[in-house]
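All values derive from a computational prediction rather than experimental measurement. Naming convention: chains lettered A, B, ... in sequence-line order (proteins, then strands); numbering from 1 in each chain.
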Amino acid sequence: MSGVQVGKRIIGADSPVTVGWENIGRVEGGPFKQFFFTWFQPAVLFGLIAFWYYAPNEWALASIGIALGLGFKVLLLGLEWINPRYRSWQLTWKEFATDLFYVGLGYTILRMVDSYIGDGVMIEAVQNAFDWGKFSWFTGLPLLVQALLISMIFDFGQYWMHRGMHNWHPLWVTHAPHHYITQLNINKGAVGNPVELFLIGLGVGGFFDFLPRAFLLAGAIGMAVSTYQHINVRFNTPRWWRYIFNTVEHHSVHHSQDYEATRSNYSGTWIIWDRIFGTCVDGEAELLGMEGGRRMDIGETMVYPFTEGYKSARAWVRKRLQLTEAAGQQPEPAE
Amino acid sequence: MTIALPYIDRIWRAEGSVIVPEPLTADEAFTRLDPLFQTPGTDYAVERDTLAYTKRNPAAQDKLATFTRGSLRVAQQQDGTLRVFFNVSSTALLLCFLAPLLFLAFAQIMVTVNAWDKVAMEAAEAAEGGKAKDEEKDETKPLSKLHPLDQMLGAPAPEDPAKKKKDKDKEKDKDKDKDKFDPTPAYVLAGLFFVIYCVGRVLEPWLLKRTLRAALSAQHGESVSGTGEFATPQPDAG
C-alpha cells in the first residue's frame, strides 16, 4: 500500500484511508433524504442554541440538558439504523449490550468516584487558591461569546491531553483500549478504560466564572457536534461545518488501522485546533482498530493500562540495568 | 469442560434445528457452513456428523459473535429430511443476564455511601454546635447583567442572586434529606440490561437460525462469511 502524502506524512500506508473531501462517499437516495442528511446537523445545532438562548430560567437546568442529550442519542441510534455510513459498522445486539455497559459505568460508579477525585474537586481547589474574581469580566461578554470560549477552551485542553496520550507511553496505555474499537456508533465514545475516561474529562474551561446559560449553550454546542464523531450515519456534511468542527469522517481517520492516520484529528469538537497545530487530516476510513482489527473484550479493557504499564515498566528497568552492566563491563579506553 | 445444569443453562445456551433445504451429506452441509468458521480466533473440528467450535473474542460483525462455543450435528429425520441441530452457548448472554446484579450492587453502594455521608454530616454539625451555620458566608454574588446585545435579542435576564439565595435557603431544609448520590440511574440501567437480555435471548437464536439457513442454502461459490462485509466473495468456479 503506497498511501497518500499529507504534509510531511504518508497516510494510509498500513491500512486503507480515503484522503481528501472530494473522495469521500455521499448520501445515496432521493431529494428528501439528501436534504435531510445534509441539513440535519446544522439544524439541530442552531435549534439547540436557540432553545438554550431563549429558554426561561426555570428550564435552564442541567437535568433538562441531560434529558435532551439522552433523547438525542435515541434519535441518532434510529438514524444509524436508517442510513448507516458502513454496513460493516452496523450495531449488533452484542455490541449494543457491550457499549451500554461502558455508558452505564459512566452514569454510576465512575460518576461517584469522579465526585471525589474528578475535575470538579480540582477546579474548586484551584478556584479557592487564587482570586479568580479577576475573571468576572467574563460574565459581561455576550452569551454566545462566553459559550464559544468555554467550549473552545475546554476542547483546547482535551486536544492536548489527547495528543499527549498518543505521544507519551504512560498516558497511551490508558487510551489504547479505546483504539481497539473496530466500528463506530454513538455509544463508542464511552468505550475505554475508566482511567482514560477520567483523564480526558479533565478540562480547563471550568476555571472561569460564567453565566449558567452560557455553560448550557456550550454544552449544547459540544453535544450537537462531538456526538457525531462516533456516529455510524452517512451525512453530506456542509463544507463550512467540516472546516471548523470535528466530524465522524475525521474521527474515523483517527481510529483507522493505519498508524500515521491515528496520529491526527485529536480534537473532540473544534477540528480547527488540529488545523492550527498541523495535525488535521481530512478524509475517512472504514477499517478501524489495532492489531489488524482485534476486538478487545471488557475484561482486557479494564486491566490493560495496568498489565501493559507493568510490562513496560519492567522492560524499561531491565533495559536500564543491562545498559548499566554493559557500561560497567566496557574495557578501559586505550590511553 | 461442559457443566450439566439443566434448566439453568437455558440462560446462556440455545438449542434448535434448521432444515437442510436439499439432500446433502453431512460433509457437504459442513462445507456450506465452513465460511462461518473461517474467521480469526475460531477453532473447530468435524467428527463424523458433528462439528464442534469455539471462538475467542470474535469480531463485532462475526455472524456467530454471540454464541462463541457450541456444536452442530447433522441428522436424518424419520421423514427423510435432513436437519442441522445446534447446541450453542454464549458468554455474552450470561454476562448480560448478570449485569443487572452489578448495577444493583452499584445502587447499593450509593445508598450505603449516602447513609455514611448523612451520619458524618450530622456528627460534624453536632460537634460544631451550629457554629458553621453562623459563620456561613452571607455574601451573595453581585447581580450579573446581560450584555446589551443579548438584551436586544431578548434572552431572559439572569436571576437575581439575592432572590436565588432566598429561594435556595427555603429549599435548603427540603434538600437536607437529599442524597449525595442518586441511585436512580443504576436502577434504570439494571432494568435496561434485563430488557436487553430478554431481547437477546429471543433475537440471537432466531438470527442464528437465519444465518445457518442462509449458509446451507448458499449456492456453490456463494460465501456466507462470518464477518459479513469484509468477506471477499469466492470466485465462481464454474
Side-chain angles (χ1 to χ4, degrees), chain A residues 52-60 66 86-98 100-101 103-112 115-116 133 136 139-146 181-183 185 209-214 217 286-287 289 292-300, chain B residues 40-41 56-63 65-68 90-93 95-96 99 102-103 105-107 109-110 113 141-142 144-150 153-159 164 180-190 192-193 196-197 199-200 203-204 207 227-230:
Chain A
W52 287 119
Y53 193 84
Y54 289 112
N57 285 326
E58 307 88 81
W59 294 10
I66 292 168
Y86 296 118
R87 293 192 68 81
S88 62
W89 292 0
Q90 205 143 33
L91 204 53
T92 62
W93 173 85
K94 189 180 172 185
E95 282 295 301
F96 180 66
T98 310
L100 193 73
F101 174 78
V103 173
L105 288 187
Y107 276 102
T108 54
I109 199 78
L110 296 184
R111 186 165 287 186
M112 233 179 118
S115 73
Y116 291 110
S136 57
T139 56
L141 293 173
L143 276 171
L144 281 174
V145 176
Q146 285 184 56
I181 58 175
T182 53
Q183 56 182 74
N185 62 63
D209 200 10
F210 43 75
L211 291 178
R213 191 176 291 276
L217 278 164
E286 180 177 5
L287 289 180
R294 176 174 81 82
R295 185 178 180 273
M296 188 179 272
D297 61 22
I298 292 173
E300 194 182 350
Chain B
R56 286 181 310 281
N57 208 15
Q61 300 299 327
D62 191 319
K63 298 277 185 195
T66 301
F67 296 105
T68 47
S90 165
T91 313
L93 275 174
L95 291 176
C96 193
L102 179 73
F103 284 97
F106 288 159
I109 291 171
M110 288 179 195
V113 172
K141 283 184 178 178
S144 306
K145 275 187 183 171
L146 276 183
H147 189 273
L149 189 71
D150 293 320
L153 289 170
E159 275 186 335
K164 210 176 175 183
K180 187 173 182 182
F181 300 110
D182 181 10
T184 313
Y187 291 128
V188 170
L189 280 153
L192 255 177
F193 271 103
I196 291 170
Y197 170 75
V199 170
L203 176 72
E204 288 299 300
L207 287 175
T227 47
E229 302 305 308
F230 294 126

With a 4.5 angstrom heavy-atom cut-off, could you sort out which part of [X] is near chain A: side chain, backbone, both or neither?
{"X": "B:Leu93", "result": "both"}
{"X": "B:Ala157", "result": "backbone"}
{"X": "B:Leu189", "result": "side chain"}
{"X": "B:Ala155", "result": "both"}

Item checked: A:Arg294: partners by salt bridge (charged side-chain N to carboxylate O under 4.0 Å, His left out), with sequence neighbours left out ->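 Scan of A:Arg294 (salt bridge (charged side-chain N to carboxylate O under 4.0 Å, His left out), adjacent residues dropped) gives A:Glu291, A:Glu300.
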
Next item on the list: For A:Arg295, check salt bridge (charged side-chain N to carboxylate O under 4.0 Å, His left out) against everything at least two apart and list the hits.
Entry: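 By the salt bridge (charged side-chain N to carboxylate O under 4.0 Å, His left out) rule, A:Arg295 matches A:Glu95.
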
Next item on the list: May I ask you to check whether A:Gln90 and B:Gln61 show a side-chain donor-acceptor distance below 3.5 Å?
Entry: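 Absent: no donor and acceptor within the cut-off.
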
Is there a side-chain contact between [X] and [Y] in this structure, where contact means two heavy atoms from C-beta onward sitting under 4.5 Å apart?
{"X": "B:Pro58", "Y": "A:Lys94", "answer": "yes"}
{"X": "A:Thr108", "Y": "B:Met110", "answer": "yes"}
{"X": "B:Phe103", "Y": "A:Phe101", "answer": "yes"}

Please find the pair of heavy atoms, one from [X] and one from [Y], that lie closest to each other, and give the distance.
{"X": "B:Ala60", "Y": "A:Thr92", "answer": "O-CG2, 3.8 Å"}
{"X": "A:Asp297", "Y": "B:Asn57", "answer": "N-ND2, 3.2 Å"}
{"X": "A:Ala97", "Y": "B:Cys96", "answer": "CB-SG, 4.5 Å"}
{"X": "B:Leu149", "Y": "A:Tyr53", "answer": "O-OH, 4.4 Å"}

Check: So A:Met112 and B:Ile109, side chain to side chain contact (heavy atoms under 4.5 Å, CB included) or not? Walk me through it.
Finding: CA-CA 10 Å; A:Met112 233 179 118; B:Ile109 291 171; 3.7 Å; yes

Next item on the list: Between chain A and each of B:Leu203, B:Ile196, B:Leu102, B:Asp150, count heavy-atom pairs under 4.5 Å; write down the option with the most.
Entry: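 Ranked by contacts with chain A, first place is B:Asp150.
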
Next item on the list: Name the option with the most non-hydrogen atom pairs under 4.5 Å to chain A; the candidates are B:Leu95, B:Val113, B:Leu153.
Entry: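 Option with the top pair count is B:Leu153.
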
Can you tell which part of [X] gets under 4.5 Å to a heavy atom of chain B, answering side chain, backbone, both or neither?
{"X": "A:Phe96", "answer": "side chain"}
{"X": "A:Leu105", "answer": "both"}
{"X": "A:Leu141", "answer": "backbone"}

Note to self: To the nearest 0.5 Å, what is the distance between OH on B:Tyr197 and CH2 on A:Trp93?
What the structure shows: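 Answer for the OH-CH2 pair, B:Tyr197 versus A:Trp93, is 8.5 Å.
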
